[in-house]
Protein chains: 2
Amino acid sequence: MPDQTDEQALDRVFSALSDPVRRALLSRLDEGEFLVSELAEPFDISLQAVSKHIQVLVAAGLVVQERTGRVSRCRLNAGPIYQAAVWVNRYSKYWQAQFETLTAWLDDIEHNRTPDDGQS
Amino acid sequence: MPDQTDEQALDRVFSALSDPVRRALLSRLDEGEFLVSELAEPFDISLQAVSKHIQVLVAAGLVVQERTGRVSRCRLNAGPIYQAAVWVNRYSKYWQAQFETLTAWLDDIEHNRTPDDGQS
DNA sequence: TTGACTATCAATCATTCGGTTGAATATTGA
DNA sequence: TCAATATTCAACCGAATGATTGATAGTCAA
C-alpha cells in the first residue's frame, strides 16, 4: 500500500514523462552528462524554456544538476522511474504476444548487450 | 524511430497516468468491468468529475466504454500502456539491484501466478 | 405517463503549464 | 576593469486541467 508521498512522487514522474521535450532530454542524458546549453541546442524553443523543463525533471528527481562556475552540468538519475516501471508493468499480462519480446529485451540489458534499439 | 503520432499517443498515455484518480480507476478496471457510477463511488469528488477522468482515459485509448440503455460499462484496454512500458524499461539498467525483483515479478505474471502485491 | 435514475453536456472558476521576452546574477578571460 | 558568456529569475500570455454546479438527454419501471 503506497503512502501519499509515493503517490505524489509517481504523479511527478509520470507528469514529467508526458512531455516530448522532457523525454528527449532524458534520452539524451542516457548517453552522458551535458550542460544546459548543450541540451538546449537541438530544440527550437528558447534556452529559458529548456531550463524550465530541466527544472521539472529535477523536481521529479530524474535529473541532478551540479553547477560549477558559470555552467550547470546535468546528469540523469533514473531511480525514480523504477516505480513508474513497476506500475506500468502490472499491465504486461495484457500484451502477452509482445511479452516475449519485452523479456528478451530486458534479458539483453541484464547481460549488458545492446538491445535492438531503433531510437533516433 | 517513432513517428509524431506515436509520440503524441505516448504524451496522452503518460499524461493520463499522471493523475492518482485515473491510476486508481485503471487499477479498479484491472479487476473487471464497472459502470461509471460504480467507478465513481469510492471518490470524494463529483460523478461529473469522474466522468471527465474516464473521458481522458478513453481519449488515451486506455478505457473503452459501451453504453447500453442508461448505463455505461467501462472496460480496460491496456494495450496503449505497452509503449509506455517499453519507454520506461529502457532505464531498467539503472536499478540493477532491484532488477532481479522485477524480472521475478514479470516471471510470476508470465506463469499466471499472483505476484506479491500489497495493493490496496 | 410520470418520476426516478444514469450519465453527459455546458458554463464557470482557479490553477497549472509551456512558451515568450527582458532583466539579473555570476563567472570567465582579455 | 570590462565585456562576453551561462544560467536563472520574473513577469506575462494563452491554453489546458481539474474541479464545481446546474441543465439536459435518455432509459427504466411503477
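In what follows, every chain begins at residue 1, and chains take the letters A, B, ... in the order their sequences are listed.
With sequence neighbours excluded, the residues forming a side chain to side chain contact (heavy atoms under 4.5 Å, CB included) with B/Ala60 are B/Arg12, B/Ala16, B/Leu62, listed by chain and number. Judged as a side chain to side chain contact (heavy atoms under 4.5 Å, CB included), and not counting sequence neighbours, A/Glu41 has no contacts. B/Arg23 pairs by the salt bridge (Lys or Arg N to Asp or Glu O under 4.0 Å) definition with A/Glu7, A/Asp11, not counting sequence neighbours. Legend: residues meeting side chain to side chain contact (heavy atoms under 4.5 Å, CB included) with B/Ala49, ordered by chain and number and at least two apart, are B/Ile45, B/Ser46. Scanning for side chain to side chain donor-acceptor pair (under 3.5 Å) contacts around B/Ser51 gives B/Gln55, with sequence neighbours left out. Every residue two or more places apart in sequence or in another chain was checked for a side chain to side chain donor-acceptor pair (under 3.5 Å) with A/Glu33, and none qualifies. With sequence neighbours excluded, no residue satisfies side chain to side chain donor-acceptor pair (under 3.5 Å) with B/Ser15. Partners of A/Pro42 according to the side chain to side chain contact (heavy atoms under 4.5 Å, CB included) rule, which considers only residues two or more places apart in sequence or in another chain, are A/Arg28.
Residue A/Arg22 is in sugar-phosphate contact alone, with no base atom involved, counting any heavy-atom pair closer than 4.0 Å across all strands shown. Within 4.0 Å of A/Glu38, counting heavy atoms only, lies no atom of the nucleic acid at all.
Distance, B/Asp11 CG to D/dA16 P: 14 Å, rounded to whole Å. Rounded to whole Å, atom P of D/dT8 lies 11 Å from atom CG of A/Leu39. Regarding B/Phe43, its CZ atom lies at a distance of 14 Å from the C1' atom of D/dG18, rounded to whole Å. The distance from atom CD1 of A/Ile54 to atom C1' of D/dA6 is 12 Å, rounded to the nearest whole Å. A/Arg12 has its CZ atom 11 Å from the P atom of C/dC17, to the nearest Å. The distance from atom CZ of B/Phe34 to atom P of C/dT6 is 16 Å, rounded to the nearest whole Å.
An angle of 10°, rounded to 10°, separates the two end axes of the helix from C/dT1-D/dA30 to C/dA30-D/dT1, each defined over five pairs.
Between D/dT7 and A/Gln55, no contact under 4.0 Å exists linking OP1 or OP2 to a side-chain N or O. Contact check, B/His53 against D/dA19: a side-chain N or O comes under 4.0 Å of OP1 or OP2. Remark: A/Ser51 is in phosphate contact with D/dT8, judged by side-chain N or O atoms under 4.0 Å from OP1 or OP2.
Side chains of B/Phe43 and B/Leu25 form a contact here, defined as non-hydrogen atoms less than 4.5 Å apart. Two residues are said to be in side-chain contact when any heavy atoms from C-beta on lie closer than 4.5 Å; A/Leu26 and A/Asp30 fail this criterion.
Membership of the apolar cluster around B/Leu35 extends to B/Val71, as traced through chained side-chain contacts below 4.5 Å between ILVMFWY residues.
Ranked by how close their nearest DNA chain C nucleotide is to the 5' end, A/Val56 and B/Val71 are led by B/Val71.
To the nearest 0.5 Å, atoms CG (B/Leu76) and OH (A/Tyr94) are separated by 5.0 Å.
Contact check of residues 13-21 of chain A against DNA chain D (heavy atom, cut-off under 4.0 Å) returns no residues at all.
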message: How would you summarise protein contacts on nucleotides 20-30 of chain C per nucleotide, using B for base, S for sugar-phosphate only and - for none, with heavy-atom distances below 4.0 Å?
response: BBB----BS--
